[in-house]
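None of these values were measured; they are calculated from a predicted model.
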Amino acid sequence: MDIARLRSELADVDRQILQLVAHRQKLAQDVGRAKDRDDHALRDFAQEKDVLERARSVAEELGISARVTEALMQTLIAYSLTLQERQRVVARGGGGGRRALVIGGSGRMGWWFSRFLMSQGFAVEVADPLPPPAELPHIADWHASPLDHDLIVVATELRTTEGILRDLARRKPHGVVFDIGSLKSPLKHALHDLAAAGVDVASIHPMFGPDTELLSGRHVILIDLGHSRATKEVRALFGSTMAEVVTMDLEDHDRVVAYVLGLSHALSIAFFTALLESGKTAGQLARLSSTTFDRQLAVAHGVAQENPHLYYEIQHLNDYGPEPLAALEHAVQQLRTAVQDGDEAGFVAMMERGKAYLVTRSSSAAPGEV
């Protein structure tokens, strides 16, 4: 058979595969509706294990790579869960026609929240100098709004958010207000002003990006500012998802985030800066790469694509930001000294301590800790 005929048969097979995927997703949606009807959890890890083991057994019979099979099935499982989660959010959404204003709703995270709230039945209005990606009620300046909404989400850049929160404290809207800032240090005084003004306010930090579809395994940090109505309503927004809502103190948040975000970002920035100064291109190094290098390069590449101004804010505006940077500098100096001095025992001790720390981290974490 010539290559054109073989490629034509491959195209037919690809179509059949996609038709089966579509059929599988329809069945997954039916399963999701049954879960919702019977009030079952969306995610069933035992069932996922059975699906993967069954697939591995079939793959072995057919001579298909176990790695390829597992990657394919994990993708299908994730897609099924995404569909089921969306169904449940819509079915159990508490919007009920209530009105929501998303200030900064044309930005990437603002648009994520606009769509999220719409899926729950909220009538969403976007306040942003730029129009939203899809047709929605829109005003360029939120100050022109009467603020008669049931829910107000502030999804703007950190430096802008502080001023908006202070203005909201002066206007005292009757609805629940929350911000989605990744730091709270620059916002804490404005948040306290809102709370003191009697506004039902909470604060959250979604620990995921705007491209996230499935919230399973994701965390939403909720800052309780003493207004039970706001805390309850904001928590309820994620009640039909698989996200874990973790309550934290306002001060503790930035101390933890300094390491979870600040340190991890700094490592990637230092990594690609060191590569840049090596005189070798990323392509030249990638041709000789190892598994570890490839993984680190992938993470660093992702960080390099992010908004550098936002990442600067995460480092600079965090009251606890210098602490992990100093720890990183100290760790690099320890490593450099051990290598330069031929201190094999010291080098090994660093790795052994790290191994013990990383092995025990899961068992030592309290439930609900990030």
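The closest donor-acceptor contact from the side chain of Ser57 to the backbone of Arg54 lies at 3.5 Å or more, if one exists at all. A donor-acceptor pair under 3.5 Å links the side-chain atoms of Glu85 to the main chain of Met242, judged by distance alone. Remark: side-chain polar atoms of Glu70 are not paired, donor with acceptor, to backbone N or O of Leu52 under 3.5 angstrom. With hydrogens and angles disregarded, no donor-acceptor distance shorter than 3.5 Å links the side chain of Thr160 to the backbone of Thr156. Using a distance-only test at 3.5 Å, with no hydrogens or angles considered, a donor-acceptor pair links the side chain of Ser106 to the main chain of Leu130. A donor-acceptor contact shorter than 3.5 Å is absent between the side chain of Ser268 and the backbone of His265. Panel note: side chain Gln315, backbone Gly262; a donor-acceptor pair is recorded below 3.5 Å. For the pair Thr75 (side chain) and Ala71 (backbone), a donor-acceptor distance under 3.5 Å is present. Of the possible donor and acceptor atoms, none in the side chain of Gln120 sits under 3.5 Å from a partner among the backbone N and O of Val90. Of the possible donor and acceptor atoms, one in the side chain of His227 sits under 3.5 Å from a partner among the backbone N and O of Ala195.
Using a 4.5 Å heavy-atom cutoff, the side chains of Phe178 and Leu151 are in contact. Gln25 is listed as a side-chain neighbour of Leu76, based on a closest heavy-atom distance under 4.5 Å. Contact of the Leu81 side chain with the Glu48 side chain is registered, since non-hydrogen atoms from C-beta on lie closer than 4.5 Å. Under the 4.5 Å side-chain criterion, counting only non-hydrogen atoms from C-beta, Met207 is not in contact with Val246. Contact of the Val102 side chain with the Leu117 side chain is registered, since non-hydrogen atoms from C-beta on lie closer than 4.5 Å. Here the side chains of Leu165 and Leu191 are in contact, with some heavy-atom distance below 4.5 Å. For the pair Lys184 and Glu251, the minimum side-chain heavy-atom distance is 4.5 Å or more. Counting heavy atoms from C-beta outward, Phe113 and Pro206 have side chains that approach closer than 4.5 Å.
The CD1 atom of Ile221 sits 10.0 Å away from the OG atom of Ser203 when rounded to the nearest 0.5 Å. Between Leu335 atom CG and Met351 atom CE the span is 10.0 Å, to the nearest 0.5 Å. Interatomic distance, OG of Ser145 versus CG of Leu101, reported as 5.0 Å (0.5 Å rounding). A distance of 9.5 Å separates CZ of Phe122 from CZ of Phe116, quoted to the nearest 0.5 Å. The line from CZ of Arg88 to CG of Leu83 is 14.0 Å long, rounded to the nearest 0.5 Å. Atom CZ of residue Arg15 and atom CG of residue Leu20 lie 12.0 Å apart, to the nearest 0.5 angstrom.
Heavy atoms only, all atoms of each residue included: Ala78 and Leu214 are closest at O-CD2, 3.8 Å. Nearest heavy-atom pair across Ala91 and Asp36 is CB-OD2, 3.6 Å. Here the shortest heavy-atom pairing between Asp141 and His143 reads OD1-ND1, 2.8 Å. Smallest separation of non-hydrogen atoms from Gly105 and Asp128: N-OD2, 3.7 Å. The nearest pair of heavy atoms linking Phe208 to Thr212 is CB-OG1, 3.4 Å. Closest approach of Ala258 and Pro324 over heavy atoms only: O-CG, 3.2 Å.
Remark: Phe347 CZ is loosely packed, at most 12 non-hydrogen atoms of other residues, nucleotides or ligands lying under 6.0 Å away. The environment of Glu344 atom CD is sparse: at most 12 non-hydrogen atoms of other residues, nucleotides or ligands sit within 6.0 angstrom. For Tyr312, the OH atom sits in a loose shell: 12 or fewer heavy atoms of surrounding residues, nucleotides or ligands are nearer than 6.0 Å. Annotation: His138, atom NE2; neighbour count of heavy atoms from other residues, nucleotides and ligands within 6.0 Å is above 12. Shown here is Glu306, whose CD atom has more than 12 heavy atoms of other residues, nucleotides or ligands within 6.0 Å. Atom CD of Glu135 has 12 or fewer heavy atoms from other residues, nucleotides or ligands within 6.0 Å.
Lys188 pairs in a salt bridge (charged side-chain N to carboxylate O under 4.0 Å, His left out) with only one of the listed residues (Asp319, Asp249, Asp254), which is Asp319.
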In sequence, state the C-alpha distance, the side-chain angles, and the governing distance for Arg171 and Val199, and then conclude on side-chain contact (heavy atoms from CB on, under 4.5 Å). CA-CA 9 Å; Arg171 293 185 61 180; Val199 177; over 6 Å; no

Go through it in stages, so that I can follow the logic: the residues are Arg235 and Asp224, the test is salt bridge (Lys or Arg N to Asp or Glu O under 4.0 Å), and I'd like the CA-CA distance, side-chain angles, deciding distance and then a yes or no. CA-CA 10 Å; Arg235 181 181 289 277; Asp224 184 347; over 6 Å; no

Please report the C-alpha distance between Asp2 and Arg5 in whole Å, then the side-chain angles of each, then the deciding distance to 0.1 Å, and finally whether the salt bridge (Lys or Arg N to Asp or Glu O under 4.0 Å) criterion is met. CA-CA 6 Å; Asp2 61 29; Arg5 176 70 179 276; over 6 Å; no

Determine, stepwise, if the pair Phe271 / Leu275 fulfils side-chain contact (heavy atoms from CB on, under 4.5 Å). CA-CA 6 Å; Phe271 179 70; Leu275 294 183; 3.7 Å; yes

Please determine whether side-chain contact (heavy atoms from CB on, under 4.5 Å) holds for the pair His189 and Arg166, giving the CA-CA distance in whole Å, both sets of side-chain angles, and the decisive distance to 0.1 Å. CA-CA 9 Å; His189 296 301; Arg166 290 190 184 279; 3.6 Å; yes

What's the verdict on side-chain contact (heavy atoms from CB on, under 4.5 Å) for Ile152 and Leu147, showing C-alpha distance, side-chain angles and the deciding distance? CA-CA 8 Å; Ile152 299 175; Leu147 300 182; 4.1 Å; yes

Dump the intermediate steps for side chain to side chain donor-acceptor pair (under 3.5 Å) on His23 and Gln19, then the final yes or no. CA-CA 6 Å; His23 182 56; Gln19 288 173 335; over 6 Å; no

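A salt bridge does not link Lys172 with Asp200: none of the charged nitrogens is closer than 4.0 Å to a carboxylate oxygen. Salt-bridge check for Glu60 with Arg56: failed, with every basic side-chain N at 4.0 Å or more from each acidic carboxylate O. Taking a cutoff of 4.0 Å between a charged side-chain nitrogen and a carboxylate oxygen, Arg33 and Asp30 qualify as a salt bridge. For Lys35 and Asp44, the salt-bridge test fails: no basic side-chain N is under 4.0 Å from an acidic carboxylate O.
A donor-acceptor contact closer than 3.5 angstrom is absent between the side chains of Gln84 and Ser80. A donor-acceptor contact under 3.5 angstrom links the side chains of Tyr259 and Glu323, judged on distance only.
Leu187 and Ile314 fall within the same hydrophobic cluster, defined by Ile, Leu, Val, Met, Phe, Trp and Tyr side-chain heavy atoms under 4.5 Å apart, directly or through other members. Val89 and Val234 fall within a single hydrophobic cluster, where Ile, Leu, Val, Met, Phe, Trp and Tyr are joined by side-chain heavy atoms under 4.5 Å apart, directly or via other members. Under a hydrophobic clustering in which Ile, Leu, Val, Met, Phe, Trp and Tyr are joined whenever their side-chain heavy atoms come within less than 4.5 Å, directly or via other members, Leu310 and Val303 fall into the same cluster. Under a hydrophobic clustering in which Ile, Leu, Val, Met, Phe, Trp and Tyr are joined whenever their side-chain heavy atoms come within less than 4.5 Å, directly or via other members, Val154 and Trp112 fall into different clusters. Side-chain heavy atoms closer than 4.5 Å link hydrophobic residues (I, L, V, M, F, W, Y) into clusters, and following such links, possibly through other members, connects Val177 to Leu183.
The ring pair (Phe, Tyr, Trp, His ring centres under 6.0 Å) search around His40 returns none, not counting sequence neighbours.
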